[in-house]
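Report on the structure given below.
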2 protein chains.
Amino acid sequence: MDTKTRMIETATKLFQQRGYKAVGLNELLQACGITKGALYHHFPGGKEELLIACLHSLNETLTRDIELVFNCASSTEDAARAVIGEMIKDLDRNGTIAGYTFSSIVSEMSLLSEPARDACRALYEKIQSIYRAKLLEDGFSSDRATSVSLFLTASIEGGLLLCRAQNSSIPLQTISNVIPELMKEF
Amino acid sequence: MDTKTRMIETATKLFQQRGYKAVGLNELLQACGITKGALYHHFPGGKEELLIACLHSLNETLTRDIELVFNCASSTEDAARAVIGEMIKDLDRNGTIAGYTFSSIVSEMSLLSEPARDACRALYEKIQSIYRAKLLEDGFSSDRATSVSLFLTASIEGGLLLCRAQNSSIPLQTISNVIPELMKEF
DNA sequence: TCCAGCATACCAACCGGTCTGTTTCACTAT
DNA sequence: ATAGTGAAACAGACCGGTTGGTATGCTGGA
């Protein structure tokens, strides 16, 4: 794998786990096994340009990963539970979550540049659009699909937050269990 | 108001809005209108001790604020919608949310000290316990109340995250609208 | 006079970022 | 085949500014 790709992949994980500010440049370089020269060669804009590249990369890999799960699922309900299942596996194994979310970055959005904020926005829109498409497949009306996809995204992200706070995967498990009953209603 | 209290109140808002790392010490001092001498006089442990004091303070004010809203509400559903309504007001007026949440801090928990993490954990437990109590009042079973209170907390926090990402209060509005239908089901 | 309650000056460490080399290597003219 | 060349891909010293933190000085009230 070439250096640039390796940089993006490593940095993406770090940013996802701990946010933007909390990841120092030197730590980043060490984790990637590169030097400042390499970083500023590939990303003249420095740390923030790397972040944006990571967000764009996330847009692709996340979309791919989620769509893969969604294609195997028979319903939105199954799909959501499957995604949560993956998160829980991550959490129980590594103690952190490096896939399917980037909430740590979002909470620092106020101090990011506009391009970075745009990339974040695009990412959430993409995720919700995948949910929405599946909901439409399931026979939901357009309006319904919009609000339910938002609701699903929110509760999963919120559940992840609670997991981080409690250092346990139980909140996401609870949410995974509640979702089926919730979907029945809609 | 005495200096120490003023420090805590001002710092709490900043930490809530932007997280721990993203708030610099000098900025903090300036916002509080104090100097380093004052900070380290009242909080020998520095920035982190101040954060912990803020979290403890939040535990009280948040509890008081939420309970106030809950006491006026006829049901958990109404109460949740009222809390969200307050958030939306904050968001539309100030562009940020300084009350009812502290998710920015949580997403940085991994790099905080154990006492700070404990304080975060306690805070979420407190919030959920208020929801739970109201749910029990509404006639929910013990187990049910536990999972629904978690679910409500998660979706609200997640909704807030989406609001930050999209720089709009629409996500929380949507969630506020969906909650009644959701509560019918349970 | 004594001490809580500050203010101020200062510090080493670290931050992200820039700069100036150096190595690697495909390509080419001889 | 080989020496020459230029650009890409780094390496790492260095920079000014900022960070959180400390040590000391001042000051008004008990």
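Keep in mind that what you see is a predicted model, and the values were worked out from it rather than measured. Protein chains get the first letters and strands the later ones, always in sequence-line order, with residue 1 at the start of each.
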Taking the six-membered ring of Phe43(B), is NZ or CZ of Lys4(B) closer than 6.0 Å to its centre and within 45° of its axis? yes
Reading nucleotides 6-21 of chain C from the 5' end, what letters show protein touch, with B for base, S for backbone sugar-phosphate only, - for no heavy atom under 4.0 Å? BBB------SBBB---
Salt-bridge contact Glu108(B)-Arg117(B) (side-chain N to carboxylate O under 4.0 Å): no
Terminal contacting nucleotides, 5' and 3', DNA chain D versus chain B (heavy atom, 4.0 Å): dT19(D) to dT22(D)
Between Tyr20(A) and Phe15(A), what is the ring plane arrangement, given parallel below 30°, perpendicular above 60°, and tilted in between? tilted
Answer yes or no: is there an ion pair linking Arg81(B) with Asp78(B), defined by an N-O contact shorter than 4.0 Å? no
Can we say Arg144(B) and Glu181(A) salt-bridge, meaning some charged N sits less than 4.0 Å from an Asp/Glu carboxylate O? yes
What orientation do Phe102(B) and Tyr124(B) show, parallel under 30°, tilted 30 to 60°, or perpendicular over 60°? tilted
Could you verify whether a donor N or O on one side chain and an acceptor N or O on the other, from Ser107(B) and Ser107(A), lie under 3.5 Å apart? yes
